[in-house]
Amino acid sequence: TRDISRGGVLLRLPQVVPSGTALELTLHTQIDSLTAEGTVIWVAPPEGRTLGEPIPHGLRFTPLGWASSLLLAFVLAQPS
């Protein structure tokens, strides 16, 4: 994962997952694991990819429950 925000995350995946695909991911934090659902909203175009490298995908989170939202806020507040 890269570039995580309240709205979504950049995923680097080994193969193309088409836009519109629903995914579930689990982020392991210092406090607990955060499971979130989302939808792939973009995939890096073929001409922008490097052969053998993971493929960038944009995932928009579906609305999170309050506990997940608080945990994500804690994760985002931590220094990199």
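We use all heavy atoms of the structure for the numbers below, so side chains are in, but hydrogens, waters and symmetry mates are not.
Rounding to the nearest 0.5 angstrom, the gap separating the OG atom in S33 from the CG atom in L25 is 11.0 Å. Between L27 atom CG and L71 atom CG the span is 8.5 Å, to the nearest 0.5 Å. For the atom pair CG of L59 and CD of E24, the computed distance is 11.0 Å after rounding to the nearest 0.5 Å.
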>> Using the rule given for side-chain contact (heavy atoms from CB on, under 4.5 Å), can you reason through L11 versus V17, listing the C-alpha separation, both sets of side-chain angles and the distance that settles it, and then say yes or no?
In response: CA-CA 10 Å; L11 296 177; V17 175; over 6 Å; no
> Passes side-chain contact (heavy atoms from CB on, under 4.5 Å), I4 versus L72? Steps please.
Replying inline: CA-CA 9 Å; I4 191 167; L72 181 59; 3.8 Å; yes
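Contact check for L10 versus P56: side-chain heavy atoms found under the 4.5 Å cut-off. Between S5 and F61, every side-chain heavy-atom pair lies at or beyond the 4.5 Å cut-off.
Across every non-hydrogen atom of P14 and I55, the tightest pair is O-CD1, 4.2 Å.
A donor-acceptor pair under 3.5 Å is absent between the side-chain atoms of S68 and the main chain of G65, judged by distance alone. Within the 3.5 Å criterion, the main-chain N or O of V40 finds no donor-acceptor partner in the side chain of T21.
Hydrophobic clustering (ILVMFWY, side-chain heavy atoms < 4.5 Å, transitive): V9 and L70 are in distinct clusters.
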